[in-house]
Amino acid sequence: MLDLELTRRVRGGDRSAVETFLQRLRIIPRVLNRRNDRLGGPCTPSELDDLSQEVFTRIWSRLGDYRGEAALETWVYRFCCWTLLDYLRGRKSESVAGEWIEELPDRGSERELGAALDDLHLLAAVAELPAEESEVISLKQLEGCSFEEVGRRLSISPNTAKTRYYRAIERLRRVLGPSFGESSQ
Amino acid sequence: MSPRPLNPRGEDPLRELEEKLAACGERTREELSEVELQRGDAHEEEVLAGFRRQIARAQTRERRRSWLRGTLAAAALVVAVLGLVLSTDAHRVTSPAQTLGPAPQGGERVVPEYDEFTWEDELAPASWYRLEFFDATAPEGSPPLAVIEDWERSSWRVDAASAARWPDAVVLRVTEVDPSGIEEVVLERRYSRSH
């Protein structure tokens, strides 16, 4: 069953579709765990459990926005990053991130942590872009599609896909601000 | 067209962002394929059970909203018919209290002894509730006799020792607790002990 059809049936209350959908959402706690590990473990297991439920709440409330262009897992993945970052921001994540960096033994680990934070910021920012732009960036960069493939999946020409993509990149740059990426330099 | 401004490191910021996105995408794809292959465990089942509860609550809320819409439509119809009857003077109601008097939500039950409190079919299944028992004769704002948090079944049994200490009339208040923190009183019923 195609992912879009699956989400439509879930919204229609089809029990077997709901069960399939839930099995696909097993990745939520796994992604949160991995992301948390890569960030040096700022969240406790119980906080990660709460975050899993929060990710699900967000996904459920936005299920109608899913248009099926990106794989369901890619879409869910962005919600995981977005929710984790929101939570860390709420805990004054920047200063906490600074503390982790000081505790890390060598520059290699510091760079790794910086890259993990950059990824989190990037994926959260992509999730918050308007749907049309978020989709084109996800397909091009997160799923590794060519412009021809992006155009085919969005039913637009490759040139329109390219224009939309660069517009999205410009917006993303503005959203992230000029200091983005300095932690991983 | 003028060239794009470079950052202090002499790099094109958009090109740099694209490179970061590409690297992030590669890591994401790698991570996703790893987590998809990961074996599930008991803890994951608990997380999924939480998702199922959220779905059940959302469906309950939707059913309640539908029920409320239906009830409001029926009430509007009743009011319209009543208005028509009154305007034609066919059946004059002499005392408004006879037809519009307040009734306690959930009504009243007379029981020989406090034992098992049930409210099956009155509330939607698969929701989470807080049960509170109050002394029916105590003033408003008095603390409850008992509080049961996170209850999901449609009945609750009081132990005999506690029941013996309770007054002859109690009020059971059932509050649905939404995971987002929204609470709603869904049942308030008076129980009187007949002995």
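The structure presented is a predicted model; accordingly, all values stated were derived computationally and were not measured.
- With a 4.5 Å cut-off on side-chain heavy atoms, B:Lys20 and A:His121 do not count as touching.
- At a 4.5 Å heavy-atom cutoff, the contact between B:Ala58 and chain A is made by side-chain atoms alone.
- Looking at heavy atoms from C-beta onward, A:Thr74 lies out of side-chain contact with B:Arg29 at the 4.5 angstrom threshold.
- Here B:Pro139 pairs with B:Ser142 under the side-chain contact (heavy atoms from CB on, under 4.5 Å) rule; sequence neighbours left out.
- Looking only at heavy-atom pairs under 4.5 Å with chain B, the residue among A:Ile59, A:Ile27, A:Asp49, A:Val126 that has the most is A:Asp49.
- To the nearest 0.5 Å, atom CD of residue A:Gln23 and atom CG of residue B:Leu48 are 6.0 Å apart.
- With a 4.5 angstrom heavy-atom cutoff, A:Val10 does not touch chain B via any of its atoms.
- Between B:Arg52 and A:Glu19 there is a salt bridge, since a side-chain N of the basic residue sits under 4.0 Å from a carboxylate O of the acidic one.
- Going from atom CG of A:Leu172 over to atom CG of B:Leu17 covers 5.0 Å, rounded to the nearest 0.5 Å.
- We find the CZ-CH2 distance between B:Arg57 and A:Trp60 to be 13.0 Å, quoted to the nearest 0.5 Å.
- The interface of residues 28-37 of chain A with chain B, defined by heavy-atom distances below 4.5 Å, comprises A:Ile28, A:Pro29, A:Arg30, A:Val31, A:Arg34, A:Arg35.
- Within the 4.5 Å cutoff, the side chain of A:Phe56 has heavy atoms near those of the B:Ile55 side chain.
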Worksheet item: Taking it one step at a time, do A:Arg26 and B:Glu45 satisfy side-chain contact (heavy atoms from CB on, under 4.5 Å)?
Response: CA-CA 9 Å; A:Arg26 278 180 184 277; B:Glu45 294 304 327; 2.5 Å; yes
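- There is no contact between A:Val76 and chain B, counting heavy-atom distances below 4.5 Å.
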Worksheet entry | Full working for side-chain contact (heavy atoms from CB on, under 4.5 Å) between B:Arg27 and A:Arg38 | CA-CA 12 Å; B:Arg27 284 190 290 268; A:Arg38 283 184 60 199; 3.6 Å; yes
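- Distance check, rounded to the nearest 0.5 Å: CD of B:Glu46 to OG of A:Ser52 gives 11.5 Å.
- Proximity of B:Val47 to A:Leu25: side-chain heavy atoms (C-beta onward) are nowhere separated by under 4.5 Å.
- Under the 4.5 Å side-chain heavy-atom criterion for ILVMFWY residues, no single connected hydrophobic cluster contains both B:Phe134 and B:Val185.
- In the hydrophobic clustering of ILVMFWY residues, with side-chain heavy atoms under 4.5 Å counting as a link, B:Leu14 and A:Val175 come out apart.
- For B:Glu26, the CD atom sits in a loose shell: 12 or fewer heavy atoms of surrounding residues, nucleotides or ligands are nearer than 6.0 Å.
- Hydrophobic clustering (ILVMFWY, side-chain heavy atoms < 4.5 Å, transitive): B:Val147 and B:Val171 are in distinct clusters.
- Atom CG of A:Leu123 sits about 4.5 Å away from atom OG1 of B:Thr28, to the nearest 0.5 Å.
- Residue A:Leu122 comes nearest to B:Cys24 through the heavy atom pair CD1-CB, 4.0 Å, listed as atom of the first residue, atom of the second, then distance.
- Distance alone, capped at 3.5 Å, is enough to place a donor-acceptor pair between the B:Gln54 side chain and the A:Gln53 backbone.
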